[in-house]
Structures are given as structure tokens and as C-alpha cells.
Peer 1: 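Got a structure here, written out as C-alpha cells. Questions coming.
None of these values were measured; they are calculated from a predicted model.
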Amino acid sequence: MYRFLLTRQWVILTLLGLVLIPTMIELGFWQFHRHEHRVEQNELISRNLDAPPVPVTELTSPGHTVPRSDYWRTVTATGTFDTEHEVVVRRRTSDDDRIGVHVLTPLDLKDGGTVLVNRGWVPAAPNQTAYPDVPPAPRGEVTVTGRLKADETTGSSGIKDLAGLPDRQVMLINSEQQSQLLSRTVLGGYVEQTEPTPAGDLPEQIARPDDSSIGPHMAYAVQWWLFVAAVPAGWIILVRREKRDREQAAAEGTAAETAEEPAPASA
């Protein structure tokens, strides 16, 4: 009664199930690994944000690539803002998803060297070729506290580095690029300012990174693995239904043939 499993329809259906099972297992592990990465990143963010502040020069230097282990470390930097070479970083969103720019201002350190400081978000100018209205940075010597971040690249951020932009506008926060524009060495990475807070509402400082949400990845992983269990269960249900239907059809056919047979002649 199971010879129907050798038909083309059932062979294709069985092969499809055999392909789906390892595929869905792999998709489940992919989501599980994303969950693990999210949990690990949350732990890193929390640990680094809670670490005591250190001078920025202890964690980075000119040409240095900030490692992931130092992302979001709280650092301090004392110096004077170089507003003459301030630039804005295009296509950045505020906490409530408004499109604008980030204000990137070099800070010439008291003990020598320069570090880039992301002072926060401001609305973009109505005309994309115009420089937006940016509140001035504090004058004189100032101590900045903020979160250390790595240089942005197209590969790491997904942001295309466009050429031919208006003066003092960039797409990426990158210390190597700014070092070339400033014609002096710049510490690797940049500081996302948290203190001092601006006198007015702008620039809007960058919000603390989320270290509590784990996202839906674990739920997605469980769903994929449940689908894995559903494939053989569904296959068995279909096989039994096909077997029952064939047996019923065979029984009905036999009954019909019996009904059509002529009755034996009487003596």
C-alpha cells in the first residue's frame, strides 16, 4: 500500500522535505548566533559604560584602530575646540528619527595632539549645499567627557563615502580623512560627547546605546526549529491520509465491481 511513495509526486515531496530540514536547522542556528552576539554586545556596552573614565590618550593614538573591546569606553579630553575646521556629517538621524547632521569638531588637546569630537545632532539646512546652523562650541579650554568610538568606514557602516560634497560636509567620521584635511595628526577613532551638555537644545547629544534589549532572534531560532519538527510530522500525516484515501478508493472500487456482477440464474 506504500508503493505510491515511489511516484514522481511523492519523490519530489520527500526530497523537498529532506532539503528543508537542514536548511531550517541552519537558519535556526543563524538566529541563535545573532542572539548570542546581541547578548555579548550588551554585556560589552554595559561593562564599558560602567568603567571609570580614563584620558582618551590612554586608549588611542594617531593611526590607532579602536578595537571592539574599547567601544563605548568613557574617556576624557582637555583642550580647545578648533571651530574653524568643524565639519558636519550628513544623513544622520536624531533620537526621534528626524534627518539631519552630526557636528564633528576637532579638539586640540592640552598636552598635544587632536581628537575628533561628535558634539551631537542638529537639523540639516533647507538647501543641501548650504552649511546648517550649528551652535558654537565652548570657547577656551574645556574638558570633554564622552564615549570612545571607532572610525567609520563604508564597510563597517554601510554608508557610501560620496565625493564632491559641499565644503565642510562629510559622509563618514574618520580620523584619517580628517587628519589629511587638517594637515596634522589626529587620534584614531572619535569621542561621542556626553559632557558638558550644550547650553541650549542643540546640538542634541547622542543617546546612550541600548544595552538591555536582546531583540527577537532567540524567538526566531525556536520558530525555525519548530518548523524542523513540523516537516516530518506533516509528511507522516500526508502519507497516512494518502494511504487511507487509496484504501478507501480501492474498497469502493471492489464494492462497485461486486454490485455490477450478474446474479446467478435460478434452476
Side-chain angles (χ1 to χ4, degrees), residues 41-89 92-96 100-123 132 134-152 156-157 170 172-179 182 184-213:
Q41 178 165 288
N42 286 349
E43 293 174 349
L44 174 66
I45 293 172
S46 299
R47 183 170 61 250
N48 285 356
L49 290 178
D50 293 338
V54 298
V56 67
T57 51
E58 289 190 11
L59 296 180
T60 186
S61 58
H64 178 72
T65 299
V66 177
R68 186 170 177 269
S69 58
D70 286 337
Y71 287 10
W72 304 288
R73 281 288 303 272
T74 303
V75 294
T76 59
T78 300
T80 305
F81 279 116
D82 178 9
T83 55
E84 182 181 349
H85 294 98
E86 184 175 78
V87 298
V88 294
V89 191
R92 302 300 165 117
T93 57
S94 64
D95 291 342
D96 55 0
V101 298
H102 282 173
V103 182
L104 190 66
T105 312
L107 181 71
D108 294 331
L109 300 175
K110 180 180 179 179
D111 297 328
T114 298
V115 64
L116 301 177
V117 177
N118 182 352
R119 295 202 290 125
W121 178 93
V122 298
V134 177
R139 294 187 178 183
E141 187 173 281
V142 60
T143 297
V144 172
T145 302
R147 298 178 286 261
L148 182 63
K149 300 290 292 292
D151 286 324
E152 295 178 347
S156 65
S157 67
V170 298
L172 299 169
I173 304 178
N174 187 282
S175 62
E176 184 177 349
Q177 290 182 356
Q178 293 304 308
S179 177
L182 295 170
R184 60 178 185 268
T185 57
V186 176
L187 273 62
Y190 66 97
V191 176
E192 204 171 68
Q193 181 178 331
T194 57
E195 295 180 8
T197 56
D201 296 332
L202 296 174
E204 293 182 8
Q205 293 186 335
I206 312 302
R208 173 189 170 105
D210 183 9
D211 60 348
S212 59
S213 173

Peer 1: Without swapping roles, check the side chain of S179 against the backbone of S175 for a donor-acceptor pair under 3.5 Å.
Peer 2: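 It does not hold such a pair.
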Peer 1: Looking at side-chain heavy atoms only, is the closest gap between Q178 and V170 below 4.5 Å?
Peer 2: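 Side chain of Q178 against side chain of V170, heavy atoms only: contact under 4.5 Å found.
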Peer 1: Look up atom CZ in F81 and atom CG in D108, then write down how far apart they are to the nearest 0.5 Å.
Peer 2: 10.5 Å
Peer 1: Please check this pair: side chain of D151 against backbone of Y190, looking for a donor-acceptor N/O pair closer than 3.5 Å.
Peer 2: no
Peer 1: If every non-hydrogen atom of A77 is compared with every non-hydrogen atom of L109, which pair is closest and at what distance?
Peer 2: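 Here A77 and L109 meet closest at CB-CD2, 3.7 Å.
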Peer 1: For the residue pair T194 and R147, establish whether any side-chain heavy-atom pair is separated by less than 4.5 Å.
Peer 2: yes
Peer 1: Step through the shown structure and confirm whether more than 12 heavy atoms of other residues, nucleotides or ligands are within 6.0 Å of CG on D50.
Peer 2: yes
Peer 1: Just by modelled atom types, is the P196 backbone N or O under 3.5 Å from a matching donor or acceptor in the Q193 side chain?
Peer 2: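 Between the backbone of P196 and the side chain of Q193 there is a qualifying donor-acceptor contact (under 3.5 Å).
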Peer 1: Can you confirm whether I173 sits close enough to S157 that some side-chain heavy atom of one is under 4.5 Å from a side-chain heavy atom of the other?
Peer 2: no
Peer 1: What's the spacing between L172 CG and S156 OG if we round to 0.5 Å?
Peer 2: 7.5 Å
Peer 1: Please collect all side chain to side chain donor-acceptor pair (under 3.5 Å) contacts where either partner lies in residues 67-87, sequence neighbours excluded, each pair once.
Peer 2: T78-T143, D82-H85, D82-R184, E86-T105, E86-R119
Peer 1: Once side chain to side chain donor-acceptor pair (under 3.5 Å) is applied, do any residues pair with E152, and if so which ones, sequence neighbours excluded?
Peer 2: R92
Peer 1: Indicate yes or no: at least one non-hydrogen side-chain atom of N118 is less than 4.5 angstrom from one of P203.
Peer 2: no
Peer 1: Measure the spacing between CG of D95 and OG1 of T93 and express it to the nearest 0.5 Å.
Peer 2: 8.0 Å
Peer 1: Where is the tightest heavy-atom contact between L104 and L116, given as atom of each residue plus distance?
Peer 2: CD1-CB, 4.0 Å
Peer 1: To check you understand the geometry: which heavy-atom pair defines the closest contact between P132 and V101, and what is its length?
Peer 2: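 Smallest heavy-atom distance, with atoms named: CG-CG2, 3.9 Å.
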Peer 1: With a 3.5 Å cut-off and sequence neighbours excluded, list the donor-acceptor pairs that the side chains of residues 52-62 form with protein atoms.
Peer 2:
{"from": "T60", "atom 1": "OG1", "to": "G188", "atom 2": "N", "distance (Å)": "3.4"}
{"from": "T60", "atom 1": "OG1", "to": "G188", "atom 2": "O", "distance (Å)": "2.8"}

Peer 1: Please give me the minimum heavy-atom distance between V191 and G146, naming the atom from each residue.
Peer 2: CG1-CA, 3.6 Å
Peer 1: Test side-chain contact (heavy atoms from CB on, under 4.5 Å) on I206 and H102 and set out the steps.
Peer 2: CA-CA 9 Å; I206 312 302; H102 282 173; 3.3 Å; yes
Peer 1: Identify every side-chain donor-acceptor pair in residues 134-141 under 3.5 Å, counting partners at least two apart or on other chains, and give the distances.
Peer 2:
none

Peer 1: The criterion is side chain to side chain donor-acceptor pair (under 3.5 Å); which residues satisfy it with Q41, sequence neighbours excluded?
Peer 2: none
Peer 1: Test of understanding: with salt bridge (charged side-chain N to carboxylate O under 4.0 Å, His left out), list the residues that count as partners of D96, not counting sequence neighbours.
Peer 2: R98
